[in-house]
Number of protein chains: 2
Amino acid sequence: MATTIKDVAHECGLSITTVSLVLNNKPNRISEKNKQKIFEAAQKLNYIPSQTAVSMKTKKTNTIGLILPDINNNYFSELAKSMEEECSLHGYTVIYGNTSDNPKKDLTYTTTFLSKGVDVLVVIHSNISSLKEQKKILELAQSTNTPLLSIDREFEKIDVSSISVDRFSGSYQAVKHLTDLGHTRIGCITGTNHSKRSSQRLQGYKQALSDAGLPFEDELVYSGDFHVESGSDAFFYLWNQGVTAIFACNDVMAMGVYLEARRANIDIPRDLSVVGFDDIFFAKYIYPPLTTVAQPITEIGYEAAQQALSMASSTHASTKSTILKTSFVLRESTAPPNIRK
Amino acid sequence: MATTIKDVAHECGLSITTVSLVLNNKPNRISEKNKQKIFEAAQKLNYIPSQTAVSMKTKKTNTIGLILPDINNNYFSELAKSMEEECSLHGYTVIYGNTSDNPKKDLTYTTTFLSKGVDVLVVIHSNISSLKEQKKILELAQSTNTPLLSIDREFEKIDVSSISVDRFSGSYQAVKHLTDLGHTRIGCITGTNHSKRSSQRLQGYKQALSDAGLPFEDELVYSGDFHVESGSDAFFYLWNQGVTAIFACNDVMAMGVYLEARRANIDIPRDLSVVGFDDIFFAKYIYPPLTTVAQPITEIGYEAAQQALSMASSTHASTKSTILKTSFVLRESTAPPNIRK
DNA sequence: CTCCTTTGATAAAACGTTTTACTCTATTTT
DNA sequence: AAAATAGAGTAAAACGTTTTATCAAAGGAG
């Protein structure tokens, strides 16, 4: 069996209390001689305190629960990484669960994590989660007195602390760049329809169009789903609509466009300009390097960690919502329109 | 405060024991009437048992610790995902830590996770971890009686259960494909030098060359580091050496080759054939789709979960090492050599 | 009427810590 | 010499469960 505090106490002929006091560096009046003895014994016996037992007393697990759709998606993995990094720096561990965008799983992970006693629950809920499900998550969190933090997306109509990104101005900038270049037929590939994130991006597209004196045309909007294939499908559709530029609501769909454009021997950016959204790792490595709207992913993760950590220690429960700015990244996938013969 | 078992016992006017027995569905002789009462009270009070307390008694946390270099690397995230999926199906949660290939962190996470009482510790240790560090990890695990599983790489000279991939035959196949096409000057971009994984791949390269009656030439091997940039650097170097084909020890470095080849207006596969290793998500979406050696990543994750779960329940401690097969994926990045003018 | 069995339920110990309040001895103060 | 103080350390309760051993009441057998 693993070494317990009792073992080290016994080893030095001192009491459990004494050992605990010394090892945790609590105010005490133990002689230097004995302190040394204790440190040595702990070392020698490979004593590792049982966090389980500690948590029992302290009501803290130093653990943060992270619920996200898909760790294999670079956007989320980057976020998870920067968040974990910051948390571990402060002695916190993160446990995570993949929901695969299944709202049922949002709930089961919530329960599991709460039962594990996470100090804070951070959730990036499924795209299609309903208001009812969101409420249930909040209710569970509250019934265990666990702070809840939503990142990347807000809880609809519920007052929950959140960290998100200004998607409207991000996509506005992207599309404005295209109108500035002189494009007049600009296609848009949206993400999952009922997603708030997606609709904010669409709003930015509309606004930029209207500011440039261009009409909004329904047939230039293709309903995608954030995956590569829908980008490919969108390409065929939009190209037939005669667009000279495409704004994709994420980089992955932009890659779908690249793929088919190349197959069809259509040159980017000469024949077709493409702008993405997210600035995932690979965006700069595809050819031509993709012009895109960068989400400050690392910063979101860092910010999330900061906020989670502060929620973990203070009981002060006012909700707070942080909105971060995107930045426009000009690379080589856009050019003035090339009138087709 | 959160609802405890005491609260629900009080609510129904029954004892703690009774509630525990019923809720855990343990053999008991409680009347149907009272069982119902208990279920209802638990529901009503949003009772979520404290896993911390449960673990105290049962000595099980239903948690698996996963230590890996970088969750933002698609190879690891895919692995982590499939592993987590399988674990959660069996009621296990995974906690994870990013080491950024820093062997010191291998150790700190080991300690943290053991102190949290993980039921199994799964580690993908840093590329550059030394034998001494590996031994320390094993020692710590043993001193807490925690089963240890190594994936993707073996512990050098230490008898630890592991799951890995037959990298030798994978790279042999890749290079044989190139010699079969008629290539005679084939470059190789290796990964981090002292990594066993990398050297196994190099062995496959050598063997395939020799089987085709070709000499092994030191100057056709470029020492990379598994990152994009080193692929780009390798391209310049190898192209000057007059190669007509390149075998990159991972897909990400192959992407570096693509990038610079395109800039230099060198057509893949007409002027240069490229084969990668791993078959990451993006391999099929770049242009031309990358011919590569697929690691059965999902399977590794699944296998890892299976083995971890079995280690968690049985005390039977014989070590076991599993080696999985790679598969060759023919896409469009290779062709017979095109003699340069 | 007494003894045994069955039914339904419970008291209490244990898990490994932290922490509060205490004890005991030796020294100093009056 | 008695009282106060300082110094060094400890006993025991508590955290929320699980589980073993036990108990009381009721019904049946003799």
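Letters go in sequence order (proteins before strands), and every chain restarts at 1.
Rounding to whole angstrom units, NZ of residue B/Lys37 and C1' of C/dG8 are separated by 13 Å. In this structure, B/Asn28 places its CG atom 10 Å from C1' of C/dG8, rounding to the nearest Å.
Phosphate proximity of C/dA9 to B/Ser31: present, with a side-chain N or O under 4.0 Å from OP1 or OP2. Here A/Asn34 does not reach the OP1 or OP2 of D/dA8: none of its side-chain N or O atoms lies under 4.0 Å away.
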Per-nucleotide protein contact string for nucleotides 12-22 of chain C, where B marks a base within reach and S marks sugar-phosphate only (heavy atoms under 4.0 Å, - for neither): B-BBBBBBB--
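Here the OG1-OH distance, from B/Thr61 to B/Tyr92, works out to 8.0 Å after rounding to the nearest 0.5 Å. The distance from atom CG of B/Leu149 to atom CG of B/Leu121, rounded to the nearest 0.5 Å, is 9.0 Å. Residue B/Ile95 holds its CD1 atom at 9.5 Å from CG of B/Leu66, rounded to the nearest 0.5 Å.
Between B/Glu78 and B/Lys81 there is no salt bridge, since no side-chain nitrogen of the basic residue lies less than 4.0 Å from a carboxylate oxygen of the acidic one. A salt bridge does not link A/Glu11 to A/Lys37: none of the charged nitrogens lies less than 4.0 Å from a carboxylate oxygen.
Between the two ends of the helix from C/dC1-D/dG30 to C/dT30-D/dA1, each summarised by a five-pair axis, the helix axis turns through 80° (rounded to 10 degrees).
Residue A/Ser20 forms a side chain to side chain contact (heavy atoms under 4.5 Å, CB included) with just one option from A/Ile38, A/Val54, A/Val8, A/Ile5, and that option is A/Ile5.
At a threshold of 4.5 Å between non-hydrogen side-chain atoms, the residues B/Tyr96 and B/Ile67 do not count as touching.
Of all heavy-atom pairs spanning A/Leu68 and A/Ile71, the tightest one is CD1-N, 3.6 Å.
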